[in-house]
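In what follows, chains are A, B, ... by sequence order, proteins preceding strands, each numbered from 1.
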Amino acid sequence: MSVASVIVDVPAKQTDRAFDYAIPEKWTTVIQPGMRVVVPFGPRKVQGFVIEIKTESEFSKLKKIQSILDISPVLNKELLDIGFWLTKTTLCYTISAFQAMLPAALKAKYEKEIIISDHNKQNELTSQIQSWFQNRNVVLWEEIEKSDDVQLFQKEIQRGLLEVSYKVKDRANRKLIRQVEPAVSEDEMKIYVDGLPKNAVKQMELVNHFISNPKPISAKELLQIIATTDSSIKALVSKGILKETKLEVYRDPFEDKYFKRTSPFELSQEQETAIKPILDCVEAEKHDVFLMYGVTGSGKTEVYLQAIDAVLKNGKEAIVLVPEISLTPQMVNRFKGRFGSQVAVLHSGLSAGEKYDEWRKIHRKEVKLVVGARSAIFAPFENLGIIIIDEEHESSYKQEDNPRYHARDVAIYRGKYHNCPIVLGSATPTLESFARASKQVYKLLTLRKRMNERDLPAVEVIDMREELRNGNRSMFSGLLYEKLQEKLENGEQIVLFLNKRGYSSFVMCRDCGYVMNCPHCDISLTYHRSNQRLKCHYCGFEEPLPKECPECNSEYIRFFGTGTQKVEEELSKILPEARVIRMDVDTTSRKGSHEKLLTEFGEGRADILLGTQMIAKGLDFPNVTLVGVLTADTMLHLPDFRAAEKTFQLLTQVSGRAGRHELPGEVIIQTYTPEHYSITLASQHDFDQFYLNEMMVRKSHAYPPFYYLTLVTVSHQELTKVVSITEKITSFLRMQLSESAIILGPVASPIPRINDRYRYQCMIKYKHEPNLTIALKTVIERYQQEISQNQLTLSIDLNPYMLM
DNA sequence: AGCACGCCGACT
DNA sequence: GTCGGCGTGCTC
């Protein structure tokens, strides 16, 4: 007998294992590991992934696989293995790992329907139920649940007159276009045209089109050429003169876009030196991890492009990961321009259907290269020749929910599997990667010179406390204001950067200092100007802005914190003639608006580009000569050991936007902590010194890269319960782990309460703890009951990036 | 996760 | 007595 081991789509501890199913005779040769199937599971039907084909099962009474969802496996052997590896290393469910590797369109949709069991007894149903079934055979349970008839239905189900039917629906819908072509020979068409009555002008035109042009044509195009309606085509189809066919097409998110083909540039000496070891590695089919450390504007992308070119010439495939935020059309153009239709692009801006189509191009081997955000690391290539991770330090490569994987780790896993190089590129590598490069675990490649030998921009650090003392209470320092005027006069462009991360527009009473907090979370509410309301970013709580302070009834309650809107307002006051483009979540939420605004700025239709994080990287505008950072230190005070590193990275990235071409660039950094090394060293473009400095800090505080981290966060409605459970977990881990592990806690999370649930943490710092995952699994099992009762949540993050 | 089964309290 | 509350345990 043929048996399939199936991982079912039920993300729960108890079902996180394989279930065996009998393979019906007709499918014994069809079903393969990695295919999606529908299986009966208890009383319902669920989707599942076949992971193994066996000849027998320990389980005696097997149910049969109900249906097959794929013609060929959606997960190959390698991806199945990656799924198991993720389950093990991130402590997630296997099904969650599988689902993370596939486009959302392949996730099943479940529907529960009610059908009439026996139509002969239909009249026995109450009239109320009968009215539901007027002119239809099935009723969706979802509809019933919304009505008041739930109990009536349950009664009839119990009497056996109605039946529940469980449906598993594939979301994956392929886009089809209607094509029209002749169904008869040319001669027959001519005869038909001659026999047509005089008033059938459109039919005649249509047939004449096919007489001179018998190729299939899309209905849409045909209607345009002939200027007629569907009815005339339909008439000809029903007479058997034409026939309609459906053709599957891909939704092309880059339709209507023309990509100018580019050819390789000549590499500089430095670039040559950097690419050589990568190319050697490609030729030798050897796995190695390269860290390409290159200052902003040093031409890393050209090195990627040429390395990819070599890989594609060898008949292999390539993956390029780019942070979501810099997956701009500019970036995509560079790859599409060089490799044309061999490129698939995967990013969150695409619709589910578009993502699925791009994924299918990869799956069917129609493309050789994928450029995408984090999840593109799971591209189902089978002959990988290189993986490139650009802006290696970006935290968006770490997924913040289950499976909590880091794309870099997956890349290295795949690199070992395919014996191919991994290239991590950055102007500001993570300390983890740079430390590994220093220890020769990764091979370091350095690009110190900017292309065209352009100097890095001059950076001026402005002490905003000093400005305040001198009576300047605006958000622009004297120097920045001066420079703004100067650049405007010269007709040059300016980028103003507002670092909003960890800093929101909170509302405070100026008399008593009372800050409006969320009643369910220990975090300040954010003021949303668009609807004059206060909103909690964690639980969604909303309330109108109060007229007076709830604490002291003062009227002087106002919002603090500088939003882009406020900067824009102030700009219009001090520089009314400046044309400003504001880019933030509000102005870029509509699809394509991001690109539109950038094009506008690029074409010189504005003087100042004002924005948040999203303008920090990847942008390259020749006319930008001034970059202003309004508040450099807003995230320096976050409770995160990477705060200094992130500040340094951001300032370096932003400064890199200035003077990339002929005109020299200037950068002004405004800060309240000008003495902080992350700010001074960023202003001196001194990564090496920053690295040394920060390494000392990390060493003395036992943080990565000297120690690994694992963060356990416990949450519960009752404070006492959270504290005692976290306490128990902490002491249990102390017992299980070695002496050298540092176990901190229990302590309250940086956000101690979210959605009325208290949050406590335990942090584990360690160098080598083979027992850690086993110990953590034991912890999960011990509290399983309370977790499933939904009172307790336990989140375990191995190598966390967010400590909140 | 769902869903059935089963064991207790409060109703016609 | 039975309806329905939720706690418990199973799903090949």
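Applying the 3.5 Å distance criterion, the base of B:dA4 shares no donor-acceptor pair with the side chain of A:R44.
Annotation: cation-pi pair A:R44/A:Y110 absent, no NZ/CZ under 6.0 Å from the ring centroid and within 45° of its normal.
Counting non-hydrogen atoms under 4.0 angstrom, A:F41 reaches a base of the nucleic acid. Heavy atoms of A:Y166 sit under 4.0 angstrom from primed sugar atoms or phosphate atoms, though from no base atom.
Whole-Å rounding puts the A:E111 CD to B:dG2 P distance at 14 Å. C:dG9 atom C1' lies 16 Å from atom NZ of A:K13, rounded to whole Å. The nearest whole Å value for the distance from the CD atom in A:Q784 to the C1' atom in C:dC10 is 14 Å.
Distances were taken from every side-chain heavy atom of A:A12 (C-beta onward) to each of C:dG4, C:dC12, B:dA1; the shortest belongs to B:dA1.
Side-chain polar atoms of A:D756 and A:H520 form a donor-acceptor pair below 3.5 angstrom. Checking A:E324 against A:S348 by side-chain atom types alone, a donor-acceptor pair falls below 3.5 Å.
Between A:F133 and A:F153, the ring planes lie tilted relative to each other; the angle falls in the 30° to 60° range. A:F84 and A:F98 have perpendicular rings, their planes meeting at more than 60° on a 0 to 90° scale where under 30° would count as parallel.
At least one side-chain heavy atom of A:P40 sits less than 4.5 Å from a side-chain heavy atom of A:Y21.
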Just by protein heavy atoms under 4.0 Å, how would nucleotides 7-12 of chain B read 5' to 3' in B, S and -?
-> ------
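Under 4.0 angstrom from either OP1 or OP2 of B:dC3 there lies at least one side-chain N or O belonging to A:K112.
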